[in-house]
Amino acid sequence: MKRIYRIVFSALLLLLIFQPLYGAQPGEMKRVLILYSEDKTHPAHLMIDQGIEEAFRSKPGFDVQLYSEYLDVSRFGDPLHEQAMADFLRRKYSGIEFRVIITVYPYALDFLLAHRLALFPGVPVIAAVIGKSHAEKLERSGARSFVTGTILANPVTDVMDSALHLKPETKRIALVGGTAPNDVYMEQGFRQGFGAYAGRIGLIDLTKLSMEETLSRVGSLLPDTLVIYTSLLKDKTGKIYVPRESLQLVAKASKAPVFSFAETFLGFGIVGGRLVSFREHGREAAALALRVMGDESPASIPFGGEQAYVSTYDWRELKRWGISEKALPPGSTVKFKSLSIWEQYWWVILSSLSFMVIETVLIMGLFVNFHKRKRAEIEARQRQNELAHVTRVAAMGELTSSLAHELNQPLAAIRNYANAAQRFLSQSEPNLTKAREALEGIIRDDRRAAEVISGVRGLLKKEEPHYGPVDLNEVLQESLSFIRSDSVLEGLSIETELARDLPRVSGDRVQLQQVLLNLILNAVDAMDKPKPDLRKLVMKTENEQDGRVKVSVRDFGSGIDEMQREKLFELFHTTKPGGMGLGLAICARIIHAHRGSIRGENNPGGGATFSFTLPTTDNE
Ligand code: ADP
């Protein structure tokens, strides 16, 4: 059993390793040789190569092996080198069978036709990018039986029509070309085709000059002129140029827009137009090769190349010469467009902007809310203060008899002291010592009366709370002083248990007096009906362990109605017929504003105790 597993596993492994081969659905291995006229770096060759590869790769499962050779004719085109190259290829490829040979440019075709029998007898040929005259020659020589290909038509009409479409006001054409064989060949082709335009457009001949002369001539052209660049591989002085390099120099110096015929020149100074696409030529050549490999006879396949064009323009040149994109033929593409910051990053800018707007709106919303809340808080505090004031005035109203008594006492004493002083002074021998004592008594009681009045005034004054260190023992005494001699206190005993060394609290003296006064009056009320046996108030100040101070008012009255307990500190909650239900609610607000707490509870032995605690200043 184990052996079977091992065999299956090995088979799977082999399948995995060779999977690409199987995936390619191998048929017969097809070898294709591509014979290029120029060297490897020739821009048009690179594009043709790209086109050929793309076309072969687009046929999945079609197993083609490509071989490339570069004849480098511009540098080694003499018969000696040609022969050496033929010998080299014969040796290199002896024993290797090609299904098709693709030649690129006319020279490679001529080379192959000259050496085909010795090198690759019987192999069909696809001649990519040849002139019309070459194709005709093939027909005449009988080579057409094994050759088909793509034709590059004379580009003059395309160049001229593209240029005149954009610049219809053109009066003259300046023709730029060099002295190399290819330059001359291209120039002649242009001159032939130009005949059709000669009647209406003049020709300035800038061919076969030195580069220096060429540049100075194109630099002084009039605006109604166009430059046509054919080919400038070599100038009059014999200096060699790469076509793109010479084109760039000419375009830079030129005072008029430059046009040419090939896609490979786009980006090097030409405006653009209906341009020959070498990539398309490559694609078409590969498509023809596939047909031939599919056993079609080359003779029966017509030449292609009619569609190998692209309508492309250089955005920078359009800008430079003030040509609007709207003037371009429909379906044109514009390359090298440098986008504005907005065009490149519009979505980043838009999203950042919208983010900023949303953020600003949110912040503004928060700001408005914050201000509303602040205003509401201020208003609430003002209302609370007003309410506290109103209830204070009401409480003082209840205490008028007590206050009258409080004032009566010192006034009566003052009157007595004054009478006594009169007497001491009217004696035959005035008793000055006694009179002085009586006067001191007057001053003392006057001060007491003044204190009573200022206490009452303090409570009646409508002022913003003023926070400062407060001794709660003193506050308790002062509150008691308002009621000490009130008639309601008759038969009421008041006990005070004041803690020694009581730390101060931070608070508003008047408001804290009001709280105590309220608690005292409530306690007195609670002991009114039904009258308890014991009418006693126990008032205490205590030092709490957590650094707080506690003040409590204990009574022996009716106690808090359990049902009402929850609502004790709510506004307008009262169980009294004439009550307003404001006192405890105001007390709670005052104590909370002082960061303290207040509570009311029933005593185990009857009656209630209301107490509040406040943080001490040391504890803050
Ligand atoms: P008011 O005195 O106008 O009724 P308060 O807010 O001062 O308003 O008191 C609210 C209610 O709390 C009182 O009606 C009473 O029922 C209860 N209360 C307050 N203090 C005492 C107390 N010492 N003993 C029993 N009940 C009390």
Side-chain angles (χ1 to χ4, degrees), residues 380 383-402 459-460 472 475-476 479-480 482-484 486-497 508 510-542 550-594 596-613:
R383 302 258 175 289
Q384 197 170 304
N385 288 337
E386 276 164 19
L387 203 59
H389 178 247
V390 169
T391 50
R392 260 193 329 261
V393 173
M396 294 316 283
E398 284 179 35
L399 293 170
T400 38
S401 56
S402 161
L459 276 167
L460 291 179
L472 283 174
V475 173
L476 194 144
S479 312
L480 275 177
F482 291 119
I483 55 159
R484 218 170 5 216
D486 193 279
S487 55
V488 290
L489 301 187
E490 272 168 31
L492 178 82
S493 71
I494 298 175
E495 273 178 28
T496 51
E497 294 175 25
D508 178 72
V510 173
Q511 287 197 338
L512 292 175
Q513 276 177 12
Q514 179 177 358
V515 172
L516 267 167
L517 211 54
N518 247 306
L519 297 184
I520 293 166
L521 289 175
N522 273 350
V524 171
D525 276 350
M527 288 189 286
D528 234 12
K529 302 175 238 164
K531 284 229 180 321
D533 309 333
L534 186 61
R535 290 189 78 229
K536 189 165 105 174
L537 266 185
V538 183
M539 307 200 39
K540 257 195 208 174
T541 55
E542 290 164 87
K550 180 175 177 183
V551 182
S552 58
V553 180
R554 178 178 179 192
D555 64 55
F556 293 82
S558 56
I560 305 160
D561 185 347
E562 278 302 322
M563 302 286 282
Q564 313 289 330
R565 233 184 122 152
E566 297 278 293
K567 301 179 187 161
L568 273 184
F569 297 98
E570 281 177 16
L571 264 176
F572 309 117
H573 167 72
T574 179
T575 56
K576 300 170 196 167
M580 290 201 287
L582 289 175
L584 284 182
I586 297 291
C587 288
R589 279 169 173 71
I590 291 173
I591 295 301
H592 291 155
H594 282 73
S597 59
I598 184 165
R599 56 197 295 206
E601 57 208 335
N602 284 325
N603 306 321
T609 299
F610 278 80
S611 62
F612 62 85
T613 57

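Read the numbers this way: they start at 1 and go in the same order the structure lists the ligands and their atoms.
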Task: Donor-acceptor contact present, side-chain Asp555 to main-chain Leu537, <3.5 Å - done: no
TODO: May I ask whether Gln564 has any heavy atom positioned less than 4.0 angstrom from an atom of ligand 1?
DONE: no
Task: Top protein contact for atom 8 (O) of ligand 1, by heavy-atom distance - done: Gly581 CA, 3.3 Å
Task: Atom indices of ligand 1 within 4.0 angstrom of Thr575 heavy atoms, with elements - done: 13 (C), 14 (O), 15 (C), 16 (O)
Open item on the list: Checking the side chain of His592 only, and the main-chain atoms of Ile598 only, is there a donor and an acceptor separated by less than 3.5 Å?
Closed with: no
- [ ] Would you mind reporting whether Arg599 and Leu568 have side-chain heavy atoms less than 4.5 Å apart?
- [x] no
- [ ] Report yes if some heavy atom in the side chain of Thr575 is under 4.5 Å from a heavy atom in the side chain of Lys567; otherwise report no.
- [x] no
- [ ] Please report the C-alpha distance between Gln514 and Asn518 in whole Å, then the side-chain angles of each, then the deciding distance to 0.1 Å, and finally whether the side-chain contact (heavy atoms from CB on, under 4.5 Å) criterion is met.
- [x] CA-CA 6 Å; Gln514 179 177 358; Asn518 247 306; 4.1 Å; yes
Open item on the list: In this structure, does ligand 1 have an atom that sits under 4.0 Å from one of the heavy atoms of Gly559?
Closed with: yes
- [ ] Just jot down the ligand 1 atoms closer than 4.0 angstrom to any heavy atom of Gly579, in number order.
- [x] 3 (O)
TODO: Would you kindly specify which portion of Asp555 sits under 4.0 Å from ligand 1, judged on non-hydrogen atoms: side chain, backbone, both or neither?
DONE: side chain
Open item on the list: Tell me the protein heavy atom at minimum distance from atom 6 (O) of ligand 1, and give that distance in Å.
Closed with: Leu584 N, 2.8 Å
Open item on the list: Give the atom numbers and elements of ligand 1 that come within less than 4.0 Å of a heavy atom of His573.
Closed with: 10 (C), 11 (C)
TODO: Would you indicate whether the side-chain heavy atoms of Phe610 and Asn522 approach each other to under 4.5 Å?
DONE: no
Task: Validation row: Thr574, Leu582 side chains within 4.5 angstrom (heavy atoms) - done: no
Task: Distance filter under 4.0 Å to Thr574 heavy atoms, resulting ligand 1 atoms - done: 1 (P), 3 (O), 4 (O), 14 (O)
Task: Met580 N/O under 3.5 Å from ligand 1 N/O - done: yes
Open item on the list: Can a donor-acceptor pair be found, under 3.5 Å and without considering hydrogens, that links the side chain of His573 to the backbone of Phe569?
Closed with: no
TODO: Check each atom of ligand 1 against the heavy atoms of Ala526 and keep those under 4.0 Å away; list them by number with element.
DONE: 22 (C), 24 (N)
Open item on the list: Given 3.5 Å as the limit, does a donor-acceptor pair link the side chain of Asp561 with the main chain of Met563, or not?
Closed with: yes
TODO: Decide yes or no for Thr496 and Val538: does some side-chain heavy atom of the first lie under 4.5 Å from some side-chain heavy atom of the second?
DONE: no
TODO: Starting from atom 7 (O) of ligand 1, find the nearest protein heavy-atom neighbour and note its residue, name and distance.
DONE: Asn522 ND2, 2.9 Å
- [ ] Check each heavy atom of Phe610 against ligand 1 and say whether those closer than 4.0 Å belong to the side chain, the backbone, both or neither.
- [x] side chain
Task: Nearest protein heavy atom with distance in Å, relative to atom 2 (O) of ligand 1 - done: Lys576 NZ, 2.6 Å
Open item on the list: Tell me whether ligand 1 is touched by Leu568 - counting only heavy atoms on the residue side and a distance under 4.0 Å.
Closed with: yes
